[in-house]
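Just so you know, residue 1 is the first one in the sequence shown, and it goes up from there.
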Amino acid sequence: MTKPLGELHLHLEGSISPETLGAIDPSVSVADVEAMYRFESFAGFLEAYKWVVRKMASPRHYAMAARALKKRLASDGVEYAELNVSVGVMLWREQNARANLAAIQSALPQCPLIFDAVRQHGGDPAIAVAELALEFDAGFGIGGDEASRPLAEFADAIRLAGGAFFPHAGETSNAASVRDALEYGARRIGHGIRAIEDHGLCRELRERNIPLEISISSNVATGAVESLAAHPVHRLFDLGVPVVLNTDDPAMFQTSLPREFEIAAGLGFSADELEILRQNAFRYARAR
Ligand code: ADE
Ligand code: ZN
């Protein structure tokens with residue numbers, strides 16, 4: 001029997017298959033969505049992500065996405081998943097975020113949620129995201145373009161969220177961005193691959209037991225790494241940095257969690273090392 005998998009960095013809006021998005025918006029075809037899910041840069045990815053999120057117009061749409069994800073998780077053997085939701089975008093679009101979130105929770109009651117603010121929007125709109133995170137007992141995250149705004153702008157929102165802070169950092173910018181996230185009390189780091197540029201920082205991640213939520217296919221597809229072979233995941237692991245494997249936006253990167261484990265095996269992780277990665281998802285889970 002294969003052992004259960006878990007993941008800690010998975011965006012609901014990035015999990016929507018072309019078929020499900022076609023059901024959400026019948027004016028788009030599967031081929032249209034597949035074309036949108038082909039991009040060659042991080043900027044191209046963000047455009048595609050925004051395009052998907054703009055199609056999410058009602059609690060019914062979020063429920064459809066969440067129900068489809070629930071099926072995918074079950075068929076992939078993913079027993080535990082924490083789910084990022086782009087609440088910053090819901091508020092920006094003046095949607096009824098509470099109704100959307102209730103729809104997600106009722107479809108996926110077992111998934112702890114992380115509410116993401118949008119880095120490009122700045123710190124003020126993030127405060128309402130952190131307040132909603134408190135209300136729903138969710139984590140508070142920050143996604144989007146990490147190079148666009150310093151974390152200092154988000155200090156009030158981060159303070160509001162208490163210890164439950166799960167930002168994207170060190171994905172496309174640099175090791176200093178990971179350091180900032182640590183200084184602001186990040187419990188885990190979304191991506192964090194640029195930490196490899198600073199071995200002192202890697203030591204700190206190890207000593208403070210702060211894991212990196214690594215998504216290999218995501219990093220290749222967005223160009224955050226030059227190639228699969230250049231991905232630093234094994235070097236980070238060898239430096240003792242806690243690592244968890246994730247899919248990030250599985251529909252947009254045409255991946256799954258079992259596939260990420262296969263890819264890690266292809267990058268040289270032994271069976272024992274893969275077992276450590278598997279266990280890390282449960283070890284660094286928010287809810288356990
Ligand atoms: N939102 C969804 N996926 C993301 C990623 N990989 N980086 C930043 N923001 C995101
Ligand atoms: Zn992400």
Checklist line | Sequence neighbours excluded - ring pair (Phe, Tyr, Trp, His ring centres under 6.0 Å) pairs with any residue from residues 12-35 | finding: none

Margin query: For residues 113-125, which residue pairs pass the side-chain hydrogen bond (donor to acceptor under 3.5 Å, both in side chains) check, not counting sequence neighbours?
Written below: N84-D116

Next item on the list: Is it possible for you to say whether L236 and L267 belong to one hydrophobic cluster, with membership spreading through side-chain heavy-atom contacts below 4.5 Å?
Entry: yes

Checklist line | Point-to-point distance, once rounded to the nearest 0.5 Å, from OG1 of T222 to CZ of F45 | finding: 7.5 Å

Notebook entry, point to check: Under 4.5 Å between any side-chain heavy atoms of L73 and Y80, yes or no?
Noted result: no

Next item on the list: Measure from the side-chain N and O atoms of R206 to the backbone N and O of L239, and report whether any donor-acceptor pair falls under 3.5 Å.
Entry: yes

Next item on the list: For S177 and D180, run side-chain hydrogen bond (donor to acceptor under 3.5 Å, both in side chains): C-alpha distance rounded to whole Å, both residues' side-chain angles, the deciding distance at 0.1 Å, then the answer.
Entry: CA-CA 5 Å; S177 174; D180 279 353; 5.9 Å; no

Notebook entry, point to check: So, do L21 and Y37 sit near enough that their side-chain heavy atoms are less than 4.5 Å apart?
Noted result: yes

Next item on the list: Please report the closest heavy-atom contact between I210 and A186, naming both atoms and the distance.
Entry: CD1-O, 3.6 Å

Check: If Ile, Leu, Val, Met, Phe, Trp and Tyr residues are connected whenever their side-chain heavy atoms lie under 4.5 Å apart, and connections chain through other members, are F269 and L228 in the same group?
Finding: yes

Notebook entry, point to check: Does the side chain of L8 come within less than 4.5 Å of N280's, by heavy atoms?
Noted result: no

Notebook entry, point to check: Are I276 and I214 grouped together when hydrophobic residues (ILVMFWY) are joined by side-chain heavy atoms under 4.5 angstrom apart?
Noted result: yes

Next item on the list: Show your working on side-chain contact (heavy atoms from CB on, under 4.5 Å) between D32 and M36 and close with a plain yes or no.
Entry: CA-CA 6 Å; D32 292 336; M36 275 311 281; 6.0 Å; no

Notebook entry, point to check: Nearest heavy-atom pair of A63 and A107: which atoms, and what distance?
Noted result: O-CB, 4.4 Å

Checklist line | Donor-acceptor contact below 3.5 Å, side chain D249 vs main chain M252 | finding: no

Note to self: Looking at L182, is its backbone amide N or carbonyl O close enough to the side chain of E204 to form a donor-acceptor pair, meaning the two atoms are under 3.5 Å apart?
What the structure shows: no

Next item on the list: Calculate, to the nearest 0.5 Å, the distance between atoms NE2 and OG1 belonging to H61 and T20 respectively.
Entry: 12.0 Å

Item checked: Worked check of side-chain contact (heavy atoms from CB on, under 4.5 Å) between D198 and R179 -> CA-CA 10 Å; D198 180 343; R179 254 191 206 289; 3.3 Å; yes

Margin query: For P112 versus A81, what's the shortest heavy-atom pair and its separation?
Written below: CD-O, 3.6 Å

Next item on the list: Could you walk me through whether V118 and W92 pass side-chain contact (heavy atoms from CB on, under 4.5 Å), step by step?
Entry: CA-CA 9 Å; V118 181; W92 190 258; over 6 Å; no

Check: Going by heavy atoms in the side chains, are D76 and L5 under 4.5 Å from each other?
Finding: no

Note to self: Can you tell me how far apart CZ (R278) and CZ (R283) are? Round to the nearest 0.5 Å.
What the structure shows: 13.5 Å

Item checked: Shortest non-hydrogen separation from T172 to A224 and the atoms involved -> CG2-CB, 4.5 Å

Next item on the list: Using a 4.5 Å cut-off on heavy atoms from C-beta on, say whether the side chain of Y62 contacts that of L101.
Entry: no

Margin query: Any salt bridge linking D25 with R54? Criterion: basic side-chain nitrogen under 4.0 Å from a carboxylate oxygen.
Written below: no

Notebook entry, point to check: Any donor and acceptor pair, going by atom type alone, linking the side chain of H11 with main-chain N or O of E13 inside 3.5 Å?
Noted result: no

Next item on the list: Look at atom CD of E226 and say whether more than 12 heavy atoms of other residues, nucleotides or ligands are closer to it than 6.0 Å.
Entry: no

Check: If you measure from CZ on R72 to CG on L257, what distance do you get to the nearest 0.5 Å?
Finding: 10.5 Å

Notebook entry, point to check: Tell me the side-chain hydrogen bond (donor to acceptor under 3.5 Å, both in side chains) pairs involving residues 236-247, sequence neighbours left out?
Noted result: E7-T247, H234-D238

Note to self: Looking at A176, is its backbone amide N or carbonyl O close enough to the side chain of N174 to form a donor-acceptor pair, meaning the two atoms are under 3.5 Å apart?
What the structure shows: yes

Notebook entry, point to check: Yes or no on side-chain contact (heavy atoms from CB on, under 4.5 Å) for E275 and K3, after CA distance, side-chain angles and deciding distance?
Noted result: CA-CA 9 Å; E275 176 58 13; K3 292 181 178 169; 3.4 Å; yes

Next item on the list: Taking only Lys NZ, Arg NE, NH1 and NH2, and the carboxylate oxygens of Asp or Glu, determine whether E82 and R188 approach each other closer than 4.0 Å.
Entry: yes

Notebook entry, point to check: Could you state the interatomic distance from CD1 (I158) to CD1 (I127), rounded to the nearest 0.5 Å?
Noted result: 10.5 Å

Next item on the list: Check whether any side-chain heavy atom of N219 sits under 4.5 Å from a side-chain heavy atom of H191, and report yes or no.
Entry: yes

Note to self: Using the rule that Ile, Leu, Val, Met, Phe, Trp and Tyr join whenever any side-chain heavy atoms are under 4.5 Å apart, tell me whether I114 and I189 fall into a single cluster.
What the structure shows: no

Check: Taking all non-hydrogen atoms of both residues, which atom of D145 and which atom of L46 are closest, and how far apart?
Finding: CB-CD1, 3.9 Å

Item checked: Pair S217-E260, side-chain donor/acceptor within less than 3.5 Å -> yes

Notebook entry, point to check: Side-chain heavy atoms under 4.5 angstrom apart, residues restricted to Ile, Leu, Val, Met, Phe, Trp, Tyr: same cluster for F282 and L10?
Noted result: no

Checklist line | Side-chain (N100) to main-chain (A97) donor-acceptor, under 3.5 angstrom | finding: no

Item checked: Minimum heavy-atom distance C202-A195, with the two atoms named -> SG-O, 3.3 Å

Note to self: For V53, is there any backbone N or O sitting under 3.5 Å from a side-chain donor or acceptor partner on R93?
What the structure shows: yes

Note to self: To the nearest 0.5 Å, what is the distance between CD on E171 and CZ on F42?
What the structure shows: 4.5 Å

Notebook entry, point to check: Is the backbone of I196 close enough, under 3.5 Å, to the side chain of R235 for a donor and an acceptor to pair up by distance?
Noted result: no

Notebook entry, point to check: Can you find a heavy atom in the side chain of F237 that is under 4.5 Å from one in the side chain of L277?
Noted result: yes

Notebook entry, point to check: Under 4.5 Å between any side-chain heavy atoms of L83 and L69, yes or no?
Noted result: yes

Check: Looking at F115 versus F136, is the centre-to-centre ring distance below 6.0 Å?
Finding: yes

Check: Does a side chain donor of either D248 or S218 reach within less than 3.5 Å of an acceptor in the other side chain?
Finding: yes

Item checked: Parallel, tilted or perpendicular, as decided by the 30° and 60° cut-offs, for the rings of H9 and H168 -> perpendicular

